[in-house]
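Computed from heavy atoms alone, side chains included, the values below leave out hydrogens, waters and symmetry copies. Letters A, B, ... are given to chains in the order of the sequence lines, protein chains preceding strands, and every chain is numbered from 1.
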2 protein chains.
Amino acid sequence: MAYANKLKDDLDDALREAGLRVTRQRAAIVKVLTEAEDHPDAHEVHRRASEIDNTVSLATVYRTLAVLSDKGIVHRHAFEGAPARFETADAPHHDHIIDVDTGAVVEFASAEIERLQREIARQHGFEVVSHRLELYCRRRKDKR
Amino acid sequence: MAYANKLKDDLDDALREAGLRVTRQRAAIVKVLTEAEDHPDAHEVHRRASEIDNTVSLATVYRTLAVLSDKGIVHRHAFEGAPARFETADAPHHDHIIDVDTGAVVEFASAEIERLQREIARQHGFEVVSHRLELYCRRRKDKR
DNA sequence: AACGCTAATGCGAACCAGTCGCAACAGTCA
DNA sequence: TGACTGTTGCGACTGGTTCGCATTAGCGTT
């Protein structure tokens, strides 16, 4: 997923466009994120980025994830009882199903639920700024 | 909310029924929770419980909240970027609207959203174990 | 190609919510 | 009242994440 089709030059541009310096470390981190098929946490990003550039420190991973998150380039998800996990923000909006047994994450989207959320907020005199919808699930035994 | 109508004796029973000893500290903590109209975090529960019994330590608050949570007597909610907040579990199931400006929490329920969640999970081969739905909102200016 | 401004980095210390080990303590039931 | 054992307070500790600071290094300029 996520910027996976973009080339490295484009990624650098994405950073620059956000008014950020393109450092070796950031390039490595962004590369890791764009190539990730899963939702890695900070330590995992650090581990993977270290393979590309072993000067990347964990602190920089956190700082970079924070800045990318601010810029809306990546999304941070703090699922129940686990360190935050990250994904690039290029995919259309979606929420998550978390497999409670494996920790695997599946994405889904429901325009209908989104609509109901806005409606409920409105009924209470609010407007939705953001939301969090996570389904903690287990694979169905009876597949039928 | 929450057990607010029960008397202290009933609360003690609730603890005993769960196979737990009724200690002064637990009684104080449970009292705080049953009388809370809001969703206090552990430190706030500790502060309030200390007024009833100043021997209550923060560790015991955490331990008691954990055990009550295990027993399903209270619910723990870890909202975005804030320490976990607690509420008694006597009210019917509901999700939360969090006012991003004030931190205030409003409860709501939507059978329709619940239904859609189960449907989505099923479509992906899962069944919902639990879910988290939080609407981070702002009061509407244009009350129109 | 070296220059300079200042953002970004690595390191380790600090932070914070929450947990744990342990000896002292106190419910509960006989 | 006694004894068994669950609970407690304390302070140490953890794990994820952030911060302070001196050093390094982008990148627009000369």
Checklist entry - Base, sugar-phosphate, or nothing for A/Ala66, non-hydrogen atoms under 4.0 angstrom? => result nothing

Item to check | Residue A/Ala84, side-chain atoms from C-beta onward, closest of C/dT19, D/dT17, D/dT8 | outcome: D/dT17

Item to check | Integer-rounded Å distance: D/dG6 P and B/Lys71 NZ | outcome: 12 Å

Checklist entry - Once you round it to whole Å, what is the distance between P of D/dG15 and NE2 of A/His46? => result 17 Å

Item to check | Verdict with reasoning, B/His43 to B/Tyr62, per side chain to side chain contact (heavy atoms under 4.5 Å, CB included) | outcome: CA-CA 9 Å; B/His43 281 82; B/Tyr62 274 111; 3.7 Å; yes

Checklist outcome for this item: Quick note, A/Pro83 side chain, CB onward, closest among C/dT9, D/dC27, D/dT17 is D/dT17

Item to check | Atom-to-atom span, CD of B/Gln25 to P of C/dG27 - whole angstrom | outcome: 8 Å

Checklist entry - Is any NZ, NE, NH1 or NH2 atom of the basic residue among A/Glu44 and A/Arg47 found under 4.0 Å from an Asp or Glu carboxylate oxygen of the other? => result yes

So which protein N/O to nucleotides 19-21 of chain D N/O distances come out below 3.5 Å?
| unit_1 | atom_1 | unit_2 | atom_2 | d |
| --- | --- | --- | --- | --- |
| D/dG20 | O6 | A/Arg63 | NH1 | 3.4 |

Next on the checklist: I need the CG-P distance between B/Asp41 and C/dG18, as an integer number of Å.
Outcome noted: 8 Å

Checklist entry - Hey, does the side chain of B/Arg24 come within less than 4.0 Å of C/dC25's phosphate (OP1/OP2), counting only N and O? => result no

Checklist entry - Any salt bridge between A/Glu119 and A/Arg122, counting N to O under 4.0 Å? => result no

Next on the checklist: How many whole angstroms separate atom CG of A/Leu20 from atom C1' of C/dT9?
Outcome noted: 14 Å

Item to check | Check: B/Arg21 side chain, D/dT5 base, donor-acceptor under 3.5 Å | outcome: yes

Next on the checklist: Can you tell me how the ring of B/His39 sits relative to the ring of B/His77, calling it parallel under 30°, perpendicular over 60° and tilted otherwise?
Outcome noted: tilted

Checklist entry - Nearest-Å distance, NE2 (B/His77) to C1' (C/dG18)? => result 18 Å

Checklist entry - Is B/Arg132 paired with A/Glu134 through a side-chain N to carboxylate O contact shorter than 4.0 Å? => result yes

Next on the checklist: Is there a side-chain contact between B/Thr23 and the phosphate of D/dG6, meaning an N or O under 4.0 Å from OP1 or OP2?
Outcome noted: no

Checklist entry - Is there a donor-acceptor contact under 3.5 Å from the side chain of B/His93 to the main chain of B/Ala109? => result no

Checklist outcome for this item: A/Asp70 CG to D/dT18 P, in whole Å, measures 11 Å

Checklist entry - Given the side-chain rings of B/His124 and B/Phe126, with only the six-membered ring counted for Trp, is the space between their centroids under 6.0 Å? => result no

Item to check | Between C1' of C/dA17 and CG of B/Leu65, the distance in whole Å | outcome: 13 Å

Checklist outcome for this item: Out of D/dT8, C/dT9, D/dT18, minimum distance to the side chain of A/Tyr62 belongs to D/dT18

